[in-house]
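Reading through the structure tokens given below for one structure.
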Amino acid sequence: MLFQAARPHLSPARIKKLLLCHPALARILVIIALFLLWEGAARWWVDPIFLSPPSQVLTSLDTVFETRGVPAALRVTFWELAVAFAMSVVIGLVVGLAVGLSKFSYRSTMPIILLLYGTPQVTILPLFILYFGIGPASKIAFGVSHGVFPIIVTTVAGVQNIKPILMTAARSMGASHWQLFRWVIFPHMIPSFFAGMRLGMTGVLLGVLLAELYVSTAGIGYFTQMFTQNFDPTKLLGLISVLAAMAIMLNEIVRRAEVHFARWRMD
Amino acid sequence: MSTRQDRRVKFASSAVQVGFLVGLMALWYLGTAYWGVSHLLLPDPVKVWHELEDVLSTGEYLPDLQVTLTELAIAFAISCTSGVTLGYLISRSPYMIKVFEPLLAGIYSVPIILFLPLYVLFFSLGPGSKIAIGTTISFFPIVLNTIAGFGYVDRIFIIAARSMGASDLQMFRYVLLPAALPVILTGLRIGFIIALLSILGSETIASLAGLGHKIVHLAEAMETARMFAYIAFVVAIAATLNTIASALERRAQRQ
């Protein structure tokens, strides 16, 4: 009796109701449909030197990792991303605080920062290679150049958004500079700082991967180029999927951190 | 009481800005002219200026500019029409929004530039791969903002208009469109800018023509002065397009 209730009969009306109540289920179905479309297209319509079906990509993922140099290249790229992100956060935080905490420095340096933020860095990518060489240093520098500005801008915004009354109150109760920073400015800065870290992570990913694709001797860009030139879409797609998974993971970590640290404002 | 002090702060801060730029130029000049910084790494500013004059007066930039702008125009036209249309269709039902919005936002968070090698494989080294990457990258902010614009119109407006007997067309023209337009325009501006950036970037990485290609070509030929001139030119073009897009957005939002 109980078991029968637990296994309802799947009639079309029932499925429709189930889908209407759970949009996430429908979303998964859409994703599955897209993959089936890809599988079908790759199997029957498209030339196999351009596209391989997802099933084949998945089953040959291990051959990608077995290709000589790929694990090392993934490590190099991951290392570049980590260093570039850490540097962006530190520089962005320091510059953002220096700019945001005084009205004078805000007014004098903010336009310069916005001007630099607005210029398209891709045009000077060859310069980064010229100055920092073709190794990891140029990728890190280019990643920092993409990641640091959103962090500066959001840190400044976070510092500026503190209600003056809180500052005045703390000061009139005799808070020192350090206490003011630790107990008033810092907690208010946290949510926008993490929003900035999320934007900065997007920027760092873009910058490092762009520089990798442009010129690379050991990183992931070298292998994407090799697989493209060998018309080996199975390995190329495998490598891109691994990188996309890495990017999603990094983005998700920062996003979770943002949600976690912005929580105190909710109550 | 503080207007005078305000003016003084304003003056001092502009002085700092001007001083920064002048100092930078002076450092650049001194570094190249007297302190012996390699001309291959940093050409002297006077030479860059002459190269820029030369590039502009001979009209040498025209073919590359035309290639880049054509790619941008086609990519933006495709992503604009498809993004707004799809966004509108999805925004018609809250259920569709719930199904598709997280999906699109999820794909948007992947750095799409990763697919460039794949696009080069599909669409060759020519303008095709640039148009494709520009379209893909600019599609997402446009469709997401269109969904946000049409999908979250205040229900009070819709109910009020319907109870006053608005037809579907009137509803679209006088309620939905004015409410959604500012958000959509922001999406279009972001899409336009990142389409430009990604097209320049993909031209830098692998291409046959275009402004990005020209800069790389000059870098590889070690003609640094001319490369600096081209970089200045491209930055000016990008800044102009950015300003025009922002001005159009602001003007349309005011109406």
Side-chain angles (χ1 to χ4, degrees), chain A residues 19-20 23-27 29-31 34 46 49-51 103-112 115 118-127 129-131 198 202 205-206 208-210 213-215 220-221 224-225 227-229 231 233 236-237 239-240 243-245 247-248 251-252 255, chain B residues 9-10 12-17 19-21 40-42 94-100 102-103 106 109-118 120-122 193 196-206 211-212 215-216 218-220 222 224 227-228 230-235 237-239 242:
Chain A
L19 283 180
L20 278 176
L25 213 61
R27 203 178 307 138
L29 285 184
V30 171
I31 296 172
L34 286 175
V46 186
I49 65 167
F50 290 125
L51 190 67
K103 197 174 172 187
F104 174 71
S105 62
Y106 174 77
R107 277 195 160 167
S108 47
T109 49
M110 202 57 191
I112 298 172
L115 185 75
T119 51
Q121 284 109 337
V122 271
T123 55
I124 53 171
L125 176 52
L127 276 183
I129 308 296
L130 209 58
Y131 294 156
R198 185 169 45 79
T202 316
L205 280 167
L206 180 66
V208 169
L209 292 175
L210 257 175
L213 293 178
Y214 174 53
V215 62
I220 231 57
T224 54
Q225 209 157 22
F227 294 149
T228 310
Q229 282 161 1
F231 287 101
L236 181 61
L237 280 166
L239 188 59
I240 290 177
L243 284 173
I248 292 173
N251 271 330
E252 190 62 14
R255 204 185 61 82
Chain B
V9 168
K10 214 178 239 173
S13 52
S14 336
V16 169
Q17 283 161 36
F20 176 78
L21 288 178
L40 282 179
L41 293 182
L42 193 66
Y95 178 71
M96 293 283 274
I97 294 180
K98 271 192 212 146
V99 173
F100 282 102
L103 194 65
S109 74
V110 181
I112 294 164
I113 197 75
L114 270 177
F115 298 107
L116 184 63
L118 210 60
V120 172
L121 199 62
F122 293 161
I193 300 300
L196 171 67
L197 295 183
S198 55
I199 285 172
L200 283 173
S202 51
E203 279 177 355
T204 308
I205 292 168
L211 290 169
I215 292 174
V216 172
L218 291 168
E220 281 163 4
M222 283 291 182
T224 339
M227 177 177 77
F228 266 72
Y230 261 99
I231 288 174
F233 178 67
V234 174
V235 168
I237 297 264
N242 199 348

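Below, chain A is the first sequence line, B the second, and so on; all start at residue 1.
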**Study point:** Distance, nearest 0.5 Å, that separates CG of B:L118 from CG of A:L239
**Key:** 11.0 Å
Check your understanding: Among A:L210, A:L205, A:T119, which residue forms the greatest number of heavy-atom pairs with chain B at distances under 4.5 Å?
Key -> A:L210
Practice item. Kindly give the heavy-atom pair with the smallest separation between B:G201 and A:V122, and that separation in Å. Key: CA-CG1, 3.8 Å
Check your understanding: Which bit of B:T224 comes within less than 4.5 Å of chain A, counting heavy atoms only: side chain, backbone, both or neither?
Key -> side chain
Study note, to complete from the structure: In this structure, CG of B:L42 is separated from OH of A:Y131 (nearest 0.5 Å) by 4.5 Å
**Study point:** Side-chain donor or acceptor of B:Q17 paired with backbone N/O of A:R107 under 3.5 Å
**Key:** yes
Revision key, fill the gap. Greatest number of non-hydrogen atom pairs under 4.5 angstrom with chain A, of B:V235, B:L211, B:L121, B:I215, falls to B:L121
Review point. Can you tell me how far CD of A:Q225 sits from CD1 of B:I205, rounded to the nearest 0.5 angstrom?
Key: 9.5 Å
Practice item. Can you tell which part of B:Y230 gets under 4.5 Å to a heavy atom of chain A, answering side chain, backbone, both or neither? Key: neither
Exercise for review: Pick whichever of B:A206, B:A219, B:P102 has the most heavy-atom pairs under 4.5 Å with chain A.
Suggested key: B:P102
Review point. About how many Å separate CD1 of B:I231 and CD1 of A:I124, when rounded to the nearest 0.5 Å?
Key: 7.0 Å
Review point. Side chain, backbone, both or neither: which part of A:T228 has an atom under 4.5 Å from a heavy atom of chain B?
Key: both
Exercise for review: Can you tell which part of A:L130 gets under 4.5 Å to a heavy atom of chain B, answering side chain, backbone, both or neither?
Suggested key: both
Exercise for review: Go through the steps for B:F20 and A:T109 under the test side chain to side chain contact (heavy atoms under 4.5 Å, CB included), then give the verdict.
Suggested key: CA-CA 9 Å; B:F20 176 78; A:T109 49; over 6 Å; no
**Study point:** Euclidean distance, B:L114 CG relative to A:L236 CG, rounded to 0.5 Å
**Key:** 10.0 Å
Point to revise | Which atoms of A:L25 approach chain B - backbone, side chain, both or neither, heavy atom under 4.5 Å | key: neither
**Study point:** Toward chain A, the part of B:S109 with a non-hydrogen atom under 4.5 Å
**Key:** both
Point to revise | Heavy-atom contact with chain B under 4.5 Å, split by part of A:I248 | key: side chain
Exercise for review: For residues B:K98 and A:R27, report the shortest heavy-atom separation together with the two atoms involved.
Suggested key: O-NH2, 2.9 Å
Check your understanding: What residue, out of B:N242, B:I113, B:L21, has the most heavy-atom pairs lying under 4.5 Å from chain A?
Key -> B:I113
Point to revise | Most chain A-contacting option - heavy-atom pairs closer than 4.5 Å, from B:L218, B:L197, B:L200 | key: B:L197
Exercise for review: Could you look at A:I112 and say if it's the side chain, the backbone, both or neither that has a heavy atom under 4.5 Å from chain B?
Suggested key: side chain
Practice item. Taking the side chain as every heavy atom from C-beta outward, state whether A:P126 and B:M227 have any atom pair closer than 4.5 Å. Key: yes
Exercise for review: Drop me the distance from A:Y214's OH to B:T204's OG1, to the nearest 0.5 angstrom.
Suggested key: 7.0 Å
Exercise for review: Flag the pair A:T202 / B:P111 as yes when at least one side-chain heavy-atom distance between them is below 4.5 Å, and no otherwise.
Suggested key: no
